[in-house]
Amino acid sequence: MTSPTTLPETPTASTGTSVPVSGKLVLVDGHAVAYRAFFALQRMGLATKDGRPTWAVYGFTRALLDVLAKYQPDLMAVSFDRKAPTFRNELSETYKAHRKPMPDDLVSQMEPIKDVVRAFGLPIYELDGYEADDIIGTIARAAAARGHEVRILTGDRDSFQLVDDLVHVLWMKSGSELVEVDPERVALEFEGLTPRQIIDYKGLAGDASDNISGVPGIGDKTAKKLLLEHGSVEALYDHLDAVSNAKLREKLATHREDAFKSLQLATIDLAVPLETLDWEHC
């Protein structure tokens with residue numbers, strides 16, 4: 001999908017049938033689920049007769065079937081990352097720069113995984129310049145505005161910032177464990193923070209997995225304490241004089257630019273210029 005257009009508010013099916021404005025929508029973070037399946041089942045070594053690896057395809061398919069059986073969604077769609085650089089790479093040359101390339105045995109399974117998605121009749125949404133998280137966030141916002149209950153299947157906690165009363169994350173925490181994350185679960189995982197504050201948390205503490213620096217010298221506990229006291233990175237910097245610890249105040253003042261750049265890198269874009277979103281296909 002390449003040409004940007006506005007998402008329709010009340011699309012109808014091409015056959016003339018209307019699409020319900022309520023119901024359950026499951027959005028699948030394709031790469032996150034594929035990676036989780038690849039490493040969880042690698043020891044199985046499943047392959048075709050001619051030696052092509054298939055264990056990630058199997059694990060991905062099983063994840064789809066499990067979600068379909070357990071949540072019985074009315075709509076479903078899948079998003080994948082693309083190889084092209086994203087707007088975050090333009091903001092920071094070091095963003096995700098330390099990550100190892102996708103293993104060859106997973107690379108060879110990505111197209112078969114997409115074939116599985118197509119065989120299910122599900123739409124695939126992806127766009128150069130954006131990550132799957134951004135596309136999922138954009139669709140989730142549009143769906144919630146229509147009254148849909150949204151569930152995001154992923155192994156990545158980045159999507160926790162999208163959580164609200166209508167949008168929950170189906171978190172593949174470990175192995176076959178699937179945890180439904182609502183606002184209360186976010187507060188439990190992040191010691192009292194709200195979903196929106198996950199972005200601010202990364203602005204201060206950074207995110208090693210994505211190579212987001214945050215403010216050097218500020219770790220997990222300090223970041224949470226500051227946010228519980230001040231609410232957001234912006235509010236913290238607006239009242240920096242209120243930080244009593246002189247050394248901490250100096251760190252924050254020195255690395256103000258790092259904090260706000262990290263905030264940008266951590267924020268999921270909720271306005272991706274997708275082509276028309278086909279609710280009927282979902």
(request) Would you indicate whether Asp165, at its atom CG, is surrounded by more than 12 heavy atoms from other residues, nucleotides or ligands within a distance under 6.0 Å? (result) no
(message) Within the 3.5 Å criterion, strictly below it, is a donor on Asp156 or Thr154 matched to an acceptor on the partner's side chain?
(response) no
(message) For the residue pair Asp220 / Tyr201, report whether a side-chain donor-acceptor contact shorter than 3.5 Å exists.
(response) yes
(request) May I ask you to test the Leu64-Arg62 pair for a side-chain heavy-atom distance under 4.5 Å? (result) no
(request) For side-chain contact (heavy atoms from CB on, under 4.5 Å), just list the numbers for Leu226 and Leu248, CA-CA rounded to whole Å, side-chain angles, deciding distance to a tenth of an Å, and then say yes or no. (result) CA-CA 10 Å; Leu226 287 169; Leu248 177 57; 4.1 Å; yes
(message) Could you check whether Glu191 pairs with Lys221 (Lys NZ or Arg NE/NH1/NH2 to Asp/Glu carboxylate O, under 4.0 Å)?
(response) no
(request) State, with a plain yes or no, whether a side-chain heavy atom of Leu228 is found less than 4.5 Å away from one of Leu193. (result) yes
(request) Spell out, as yes or no, whether a donor-acceptor pair under 3.5 Å connects the side chain of Gln197 to the backbone of Leu227. (result) yes
(request) Identify whether the distance between the nearest side-chain nitrogen and carboxylate oxygen of Glu180 and Arg151 falls below 4.0 Å. (result) yes
(message) Between Thr254 and Lys251, is there a side-chain heavy-atom distance shorter than 4.5 Å?
(response) no
(request) Give a yes or no answer on whether the side chain of Arg249 reaches the backbone of Val243 with a donor-acceptor pair at less than 3.5 Å. (result) yes
(request) Using a strict cut-off of less than 4.0 Å between a Lys/Arg side-chain nitrogen and an Asp/Glu carboxylate oxygen, indicate whether Asp258 and Arg256 qualify as a salt bridge. (result) no
(message) If you count heavy atoms of other groups shown closer than 6.0 angstrom to CD of Glu229, is the number above 12?
(response) yes
(message) Using side-chain heavy atoms (C-beta onward) and a distance below 4.5 Å, is Ile124 in contact with Lys114?
(response) yes
Show every donor-acceptor pair shorter than 3.5 Å between a side-chain atom in residues 70-79 and any protein atom, with sequence neighbours excluded, or say none if there are none.
from, atom 1, to, atom 2, distance (Å)
Asp74, OD2, Lys24, N, 2.8
Ser79, OG, Tyr125, O, 2.8

(message) Using a strict threshold of under 4.0 Å (side-chain N to carboxylate O), is an ion pair present between Arg88 and Glu131?
(response) yes
(message) Restricting to ring pair (Phe, Tyr, Trp, His ring centres under 6.0 Å), what partner residues turn up for Phe80, sequence neighbours left out?
(response) His31
(request) Could you tell me whether Asp164 and Arg196 have a side-chain N and a carboxylate O separated by less than 4.0 Å? (result) no
(request) Kindly indicate whether the side chain of Leu274, heavy atoms from C-beta on, has any atom under 4.5 Å from the side chain of Ile139. (result) yes
(message) With a 6.0 Å cut-off (strictly less than), is the heavy-atom count around OH of Tyr237, excluding the residue itself, greater than 12?
(response) yes
(message) Main chain of Thr86, side chain of Asn89: is a donor-acceptor contact present, judged purely on distance under 3.5 Å?
(response) yes
(request) Would you please name every residue forming a side-chain contact (heavy atoms from CB on, under 4.5 Å) with Asp115, sequence neighbours left out? (result) Glu111, Arg118
